[in-house]
Amino acid sequence: MAFTIAVAGKGGTGKTTMSGLIIKYLLGRKLTPVLAVDADANSNLNEVLGVRVKDSIGSLREEITKNVGSIPPGMSKDAYLELKIQEVLIEAAGFDLLVMGRPEGPGCYCYVNNILRRYMDILAKNYRYVIMDNEAGMEHLSRRTTYEVDQLLLVSDTSPRGIWAAARIRDLAKDLELKVKETYLIVNRVPDGELNPILRDEIEKLDLKLLGVVPLDEQILEIDLRRGPIFELFDESIAFKTVSELINKLNL
Ligand SMILES: Nc1ncnc2c1ncn2[C@@H]1O[C@H](COP(=O)(O)OP(=O)(O)OP(=O)(O)O)[C@@H](O)[C@H]1O
Ligand SMILES: [Mg+2]
């Protein structure tokens, strides 16, 4: 079974960037194959990874639910769905990307969702690592479209709100009885790499396990401005070096 890392946190804290940095780390160490899952309805992990997206699981779910007639005669719904998921899966160098797209609208999707979940569990087995970029609202966590998670990495900025949101997501995961083996906090975009003592206290009070802090990295901003892929970031860049050290600590 693939080792699954889910990245979550408040909006704009750097979840997608962090997911990209982790994937860059894994590819650099040949810890492949990697499945990148974009579980944000406003997906943009593909941009960070420099790949183009055609379709999503969400649009596939809509299509199958509304248009049963499109299933070729003689083919079971299950087999058709499996085939379609293969088409949604984007193959890139060292990793594949699966875009979840928008969550379901009103209507009954149980049947399709059940097949999707089952098939995605099977799919995940083909990979060494699954990296899942979640949206701030944790839609996929609460809808249980997220599978078992080995590491839940909560990303925060240097605001108390970011830290509180991280604690809330940890508690939500517990309340939903999601199978999360370990949860860590990463404080991202820290101006001089030094965490304010007030924030440190807050983290302790909330009983969050701090994996480390990632400094603000000008090169990330520069790449982001021209919508370039994270792979263009130098290995010597401060953010990549720090994230590599943090991931090393996880003993993947
Ligand atoms: N360590 C860093 N140094 C500098 N800039 C960073 C760093 N981490 C992230 N950023 C920048 O911060 C912005 C937000 O990052 P990102 O899109 O990864 O956040 P997010 O949590 O995925 O946001 P959303 O909730 O909208 O999905 C981006 O412009 C990104 O380039
Ligand atoms: Mg994002």
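Atoms within a ligand are numbered from 1 in the order they appear, just like the ligands themselves. Below, all heavy atoms of this structure are taken into account, side chains as well, without hydrogens, waters or symmetry copies.
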Between F240 and Y25, what is the ring plane arrangement, given parallel below 30°, perpendicular above 60°, and tilted in between? tilted
How about R52: does its CZ atom have over 12 heavy atoms from other parts shown lying under 6.0 Å from it? no
Is there a side-chain contact (heavy atoms from CB on, under 4.5 Å) between F3 and L252? Walk through the geometry before answering. CA-CA 8 Å; F3 189 95; L252 299 185; 3.3 Å; yes
What are the atoms of ligand 1, with element, lying closer than 4.0 Å to any heavy atom of L221? 4 (C), 5 (N)
Heavy-atom contacts with G11 under 4.0 Å: which atoms of ligand 1 show up? List them by number with element. 25 (O)
Polar side chain donor-acceptor pair, D157 to S159, under 3.5 angstrom: yes
Could you tell me the separation between the CD1 atom of I5 and the CG atom of L26, rounded to the nearest 0.5 Å? 6.0 Å
CG on L225 to CG on L221, rounded to 0.5 Å: 7.0 Å
Considering only heavy atoms, which of P215, G9, A8, G12 lies nearest to atom 24 (P) of ligand 1? G12
What atoms of ligand 1 come closer than 4.0 angstrom to any heavy atom of L216? 3 (N)
shortest atom 3 (N) of ligand 1-to-protein heavy-atom contact is with D217 N, 2.8 Å
Geometry only, no angles: is T17 polar-contacting ligand 1 at N/O separations under 3.5 Å? yes
Between the side chains of T13 and N188, is a donor N or O closer than 3.5 angstrom to an acceptor N or O? no
Side chain to side chain contact (heavy atoms under 4.5 Å, CB included) with T158: of N196, L199, I163, only one passes, and it is L199
Looking only at protein heavy atoms, identify the closest one to atom 29 (O) of ligand 1 and say how far it is in Å. D224 OD2, 2.6 Å
Is G14 in polar range of ligand 1, meaning some N or O pair under 3.5 Å apart? yes
Does any N, O or S atom in T16 come within less than 2.8 Å of the Mg ion (ligand 2)? yes
Nearest 0.5 Å, what's the NZ-CD distance between K181 and Q151? 9.0 Å
For ligand 1, is S19 a contact, meaning one of its heavy atoms is under 4.0 Å away? no
Are more than 12 heavy atoms, taken from residues, nucleotides or ligands other than R161, located less than 6.0 Å from that residue's CZ atom? no
Please state which protein non-hydrogen atom is closest to atom 20 (P) of ligand 1 and give its distance, to 0.1 Å? K15 N, 3.4 Å
Closer than 4.0 Å to some heavy atom of D40 - which atoms of ligand 1 meet that? 27 (O)
Where is the nearest protein heavy atom to atom 8 (N) of ligand 1: which residue, which atom, and how far? N188 ND2, 2.8 Å
Ranking T13, V48, T16 by closest non-hydrogen atom to atom 22 (O) of ligand 1, top hit is T16
Which residue owns the protein heavy atom closest to atom 6 (C) of ligand 1, what's the atom, and how far is it? R189 CD, 3.4 Å
